Amino acid sequence: MNAESERKSAESAGSAEAAGSAEAETAGAHPADGTPEPAEAGAKGTVSAPGPDGEPRKVSRRFPLFTRDTARPEGGGRAAPGDAPAPARQWPLLSVTGLVGLGLLLTALDVFRLGTVLIGVALVGGAVLRWALPDVGMLAVRSRFTDMVTYGALGGAIVLLALMAQPEPVLEIPFLDDTLHFTIDS
């Protein structure tokens, strides 16, 4: 009986040792001297990656009260694979800015109407690209809807104003003369 009781006490000591090492693994070791810290009641339920302090954080589906980071807008991924050169990955943005640059150059060379129409068409083209393509790279600034409305409205306004510019406007709006007669008629 005595040998059997010693064997049971050794088994219980071994299981206690195993339980202690399991607690040390879950609780973590003290960073300075390596001694295990006692296990504390942390976050329960669904837990995400550790927070900045190293403790587990609870996951919530609610939006945070304070925003700590900016999410990439939908469609803000690369427009080409990651192994492609940088210009190929950002071709939608480069095409829009290239047309705007060409329009500014034409405007500087005294081809005002054509240059400003080209700038407006480039912005409308950016709205079309934002609508048609799933990933447009850095052309995506906000949500898809906001980008489309912003690019489209600004581009349309620039084209409209370029066609109405004096002298010899291509587009004449009848009520404009009555509305702005103090600035048009001198």
Side-chain angles (χ1 to χ4, degrees), residues 45-53 56-186:
T46 306
V47 178
S48 71
D53 57 351
R57 298 179 302 173
K58 288 183 89 173
V59 175
S60 174
R61 292 182 58 178
R62 290 184 172 180
F63 288 109
L65 186 59
F66 298 105
T67 304
R68 298 194 193 322
D69 197 6
T70 304
R72 182 168 48 177
E74 58 182 83
R78 294 182 174 123
D83 58 346
R89 289 192 307 255
Q90 298 298 331
W91 71 267
L93 178 69
L94 291 175
S95 63
V96 171
T97 55
L99 282 177
V100 168
L102 182 62
L104 289 173
L105 180 67
L106 288 174
T107 304
L109 295 175
D110 208 24
V111 188
F112 172 76
R113 194 176 317 272
L114 182 62
T116 51
V117 166
L118 191 60
I119 292 170
V121 166
L123 288 174
V124 171
V128 170
L129 285 174
R130 188 69 173 101
W131 171 73
L133 298 177
D135 291 323
V136 290
M138 290 185 353
L139 190 62
V141 179
R142 293 169 192 86
S143 70
R144 186 177 306 269
F145 176 77
T146 304
D147 283 345
M148 286 178 2
V149 168
T150 304
Y151 294 148
L154 288 175
I158 290 172
V159 168
L160 185 68
L161 291 172
L163 294 177
M164 292 174 19
Q166 297 289 335
E168 302 170 8
V170 175
L171 178 67
E172 291 189 26
I173 299 178
F175 65 86
L176 186 64
D177 191 34
D178 296 334
T179 306
L180 301 174
H181 71 277
F182 292 114
T183 57
I184 293 173
D185 295 336
S186 42

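These values consider heavy atoms only, across backbone and side chains, with no hydrogens, waters or symmetry-generated copies. From a predicted model like this one, the values you see are computed outputs, not experimental measurements.
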Could you check whether any side-chain heavy atom of Leu129 comes within less than 4.5 Å of a side-chain heavy atom of Tyr151, counting everything from C-beta outward? no
Under 3.5 Å, side chain of Arg142 to main-chain N/O of Asp147, donor-acceptor pair present? no
What's the shortest heavy-atom distance between Met138 and Gln90, and which atoms? N-OE1, 2.7 Å
Do side-chain atoms of Arg130 reach the backbone of Val136 as a donor and acceptor pair under 3.5 angstrom? no
Which atom pairs, donor and acceptor, lie under 3.5 Å between side-chain atoms of residues 97-107 and protein residues at least two apart or in another chain?
unit_1: Thr97; atom_1: OG1; unit_2: Leu93; atom_2: O; d: 2.9
unit_1: Thr97; atom_1: OG1; unit_2: Leu94; atom_2: O; d: 3.3
unit_1: Thr107; atom_1: OG1; unit_2: Gly103; atom_2: O; d: 2.8

Give a yes or no on whether the backbone of Pro92 and the side-chain of Ser95 come within a donor-acceptor separation of less than 3.5 Å. yes
With rounding to the nearest 0.5 angstrom, report the CD1 to CG distance, Ile158 to Leu163. 12.0 Å
Nearest non-hydrogen partners of Trp131 and Met148, listed with the distance: CB-SD, 3.3 Å
Just jot down the side chain to side chain contact (heavy atoms under 4.5 Å, CB included) partners of Leu161, sequence neighbours excluded, or say none. Met164
Using every non-hydrogen atom in the two residues, find where Gly152 and Ala127 come nearest and quote the distance to one decimal. N-CB, 3.7 Å
Heavy-atom nearest pair, Ala162 first then Val117, reads CB-CG2, 3.7 Å
